[in-house]
Structures are given as C-alpha cells and as structure tokens.
S.K.: 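Sharing a structure, written as structure tokens. Questions coming.
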Amino acid sequence: QADVASYSAVVHACAKAKDLPRAEAWVARMEDAGVDANVVTYNSVINACARCGDAERAENWLKVMLDRGVAPGLLTYNSLINACAKG
C-alpha cells in the first residue's frame, strides 16, 4: 500500500517534468486511495503549477490546501510567487 510519502514523490517527479495534468491526476488517485495529502504533496503540485506558469491553478491548490486544514509553509508561498511571476 502506497503512503503519503510515495504519492508525494510521484507528484514531485511530475512537477520536475512540468507535467501538471499528471501531477493533479496523482493527487486525485492518492485521495481515491484514502491517503490524505500533506504539505509536501501540496507544495509539489503548486510547484508544478509554477513550472507551467499557471498562477490561477496554483492559487486554487492553495485554497484546497487551506480548506483541508493543511498549513502552508515558506516553500508553498515561494512556489506561489514563482507561479505568479511566470503567469
């Protein structure tokens, strides 16, 4: 059974590959498996948004993160700023 660290590593790899749809698909797959995303997972998907220059999607993921009670960190906001700078 995959855990949050395993899923987060895959999402991170998708972010590095600038494959935002795949990163988002893995977050959905993770949730379907009953594994809750953590700050690392959300940072990775927001980073994928930043690498693709999609500030709106990055902001949406921040909202999801906050709605689910996951506290953003410095890396979260750094990625969000990067998304806005590229978008």
Side-chain angles (χ1 to χ4, degrees):
Q1 177 79 11
D3 61 5
V4 67
S6 302
Y7 281 108
S8 295
V10 174
V11 174
H12 178 73
C14 295
K16 288 184 81 168
K18 297 182 182 178
D19 192 343
L20 178 53
R22 186 170 283 171
E24 291 177 327
W26 274 102
V27 174
R29 189 179 293 186
M30 175 180 178
E31 292 170 347
D32 289 345
V35 178
D36 292 329
N38 64 14
V39 67
V40 175
T41 313
Y42 288 116
N43 284 350
S44 293
V45 77
I46 291 170
N47 182 258
C49 296
R51 288 173 180 259
C52 294
D54 196 332
E56 186 175 335
R57 267 165 123 166
E59 290 171 5
N60 287 340
W61 278 107
L62 177 64
K63 182 179 182 328
V64 168
M65 182 180 190
L66 293 170
D67 288 348
R68 295 187 180 158
V70 179
L74 182 61
L75 288 175
T76 312
Y77 289 112
N78 188 39
S79 291
L80 191 61
I81 290 166
N82 287 337
C84 291
K86 291 180 183 179

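Residues: numbered from 1 along the sequence shown. Heavy-atom basis, side chains included; hydrogens, waters and symmetry copies ignored.
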S.K.: Please test Cys84 against Glu59 for side-chain contact (heavy atoms from CB on, under 4.5 Å), starting from the C-alpha separation and ending with a verdict.
M.R.: CA-CA 9 Å; Cys84 291; Glu59 290 171 5; 3.9 Å; yes
S.K.: Not counting sequence neighbours, which residues clear side chain to side chain donor-acceptor pair (under 3.5 Å) with Trp26? List them please.
M.R.: none
S.K.: Taking side chain to side chain donor-acceptor pair (under 3.5 Å) as the test, write out the residues that go with Thr41, two or more places apart.
M.R.: Ser8, Asn38
S.K.: Enumerate, atom names and distances included, each donor-acceptor pair closer than 3.5 Å involving a side-chain atom of residues 65-77, sequence neighbours excluded.
M.R.:
residue, atom, partner, partner atom, Å
Asp67, OD2, Lys63, NZ, 2.9
Arg68, NH1, Glu31, OE2, 2.3
Arg68, NH1, Tyr42, OH, 3.2
Thr76, OG1, Asn43, OD1, 2.3
Thr76, OG1, Gly73, N, 3.0

S.K.: Check whether any side-chain heavy atom of Cys14 sits under 4.5 Å from a side-chain heavy atom of Glu24, and report yes or no.
M.R.: no
S.K.: Under the salt bridge (Lys or Arg N to Asp or Glu O under 4.0 Å) rule, collect the residues that match up with Arg51, sequence neighbours excluded.
M.R.: none
S.K.: Got a sec, which residues hit side chain to side chain donor-acceptor pair (under 3.5 Å) with Tyr7, two or more places apart in sequence or on another chain?
M.R.: none
S.K.: How far apart are the C-alpha atoms of Asp3 and Ser6, what are their side-chain angles, what is the distance that settles it, and do they pass the side-chain hydrogen bond (donor to acceptor under 3.5 Å, both in side chains) test?
M.R.: CA-CA 5 Å; Asp3 61 5; Ser6 302; 2.9 Å; yes
S.K.: Taking all atoms of both residues into account, what is the closest heavy-atom pair of Ala58 and Ala83, and its distance?
M.R.: CB-CB, 3.8 Å
S.K.: Return the minimal non-hydrogen interatomic distance between Ala33 and Gln1, and the atom names on each side.
M.R.: O-NE2, 4.0 Å
S.K.: In chain order, what residues pass the salt bridge (Lys or Arg N to Asp or Glu O under 4.0 Å) check against Asp19, with sequence neighbours excluded?
M.R.: Arg22
S.K.: Would you name the heavy atoms of His12 and Ser44 that are closest together and state the gap between them?
M.R.: CB-OG, 3.6 Å
S.K.: How far does CZ of Arg57 sit from CG of Leu62, to the nearest 0.5 angstrom?
M.R.: 15.5 Å
S.K.: Of Asp54, Asn47, Ile46, which is the lone residue that meets side-chain contact (heavy atoms from CB on, under 4.5 Å) with Trp61?
M.R.: Ile46
